Amino acid sequence: MLLVNVADPDHAKEIVGKIVAILVSDLDTTMSETELARRVGYSKTHIRRTFLAVTGETLASFTRRMRLERAAGKLSLGSEAVGAVAAEALYASPKAFCRAFGERFECSPASFRELNSGAGSLLPGFYLAAGQGAHDVPSAIGIRASAEALVTFLYDGFAYGGKLSSAKG
C-alpha cells in the first residue's frame, strides 16, 4: 500500500529501490540531494516526493535511521566505544548520537548493548529495545541489497524493491 497516490506505483517503487541502494551503500558519507538526484537520474523534487510517497519517510530521516540501525548492530556485536560508533554514524558528538539513539531505540547505547550483547540483530535491521521481547519485533525497516543490486526493503510489512542496473552511479 502506497502512502500517497502516485501515477505509476511500480515505477515509483523502482525509483525508491535505486535511492535505497545508493543511500545504504554510502552511509559513511554525507550525500547531497543534488548528488543523489544525479545518480538516480531524476530531479531533487521528484526523488523527494516519490520517496516520501512510497515510504512515508523523508530522505534525511531514512538515512539517519539506517545509520542508527547500523550503529545498533555494531553495538550489539562488539565492544567498540560508543564515541567511535557515534563518529562512524557521522554524529558530531557522542552526546548527539546518544540523544538520537535513545529516541530511536528507547534506551541508551550502553543499555542497548547489554540487552543485545553477542546476539546481533534478530533480523537484518531489527533489534530489541528496552522492554521488548523477541515476539515484539518492530515493523521498522529491514534492507537486503544483493551483489546484483536487487534491493528489497520492508516498510510496515509491505515489500518494495527494484532491480537496478547499477547501485552506484
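Every value quoted in this text rests on a predicted model; they were computed, and no experiment measured them. For the single chain, residues carry numbers from 1 onward in sequence order.
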Once you round to the nearest 0.5 Å, how far does [atom1] of [X] lie from [atom2] of [Y]?
X      : Y     : atom1 : atom2 : answer
Leu115 : Leu75 : CG    : CG    : 11.5 Å
Lys44  : Thr34 : NZ    : OG1   : 3.5 Å
Ile15  : Ile47 : CD1   : CD1   : 9.5 Å
Leu90  : Arg64 : CG    : CZ    : 12.5 Å

Nearest non-hydrogen partners of [X] and [Y], listed with the distance:
X     : Y      : answer
Leu52 : Thr58  : CD1-N, 4.1 Å
Ser76 : Gly73  : OG-O, 3.0 Å
Ala71 : Ala89  : CB-CB, 4.4 Å
Ser43 : Ala37  : C-CB, 3.8 Å
Leu68 : Ala100 : CD1-O, 3.8 Å
Leu59 : Glu33  : CD1-OE2, 3.8 Å

Would you say that [X] contacts [Y] through its side chain, given a criterion of any heavy-atom pair below 4.5 Å between the two side chains?
X      : Y     : value
Arg104 : Glu69 : yes
Val16  : Lys13 : no
Val20  : Phe51 : yes
Glu35  : Thr29 : no
Phe62  : Ile19 : no
Ser108 : Cys98 : no

*Within the distance-only criterion (no hydrogens, no angle test), does the side chain of Arg67 pair as donor or acceptor with the backbone N or O of Leu27 below 3.5 angstrom?*
yes
*Determine whether more than 12 heavy atoms belonging to other residues, nucleotides or ligands lie under 6.0 Å from atom CD of Glu114.*
no
*Aromatic plane relationship, Phe112 with Phe105 - under 30° parallel, 30 to 60° tilted, over 60° perpendicular*: tilted
*Output, in order, the C-alpha distance, side-chain angles, deciding distance and verdict of salt bridge (Lys or Arg N to Asp or Glu O under 4.0 Å) for Glu103 and Arg99.*
CA-CA 6 Å; Glu103 288 171 7; Arg99 184 174 39 253; 5.2 Å; no
*Is it true that Glu88 and Arg70 make a salt bridge, defined as a side-chain N closer than 4.0 Å to a carboxylate O?*
no
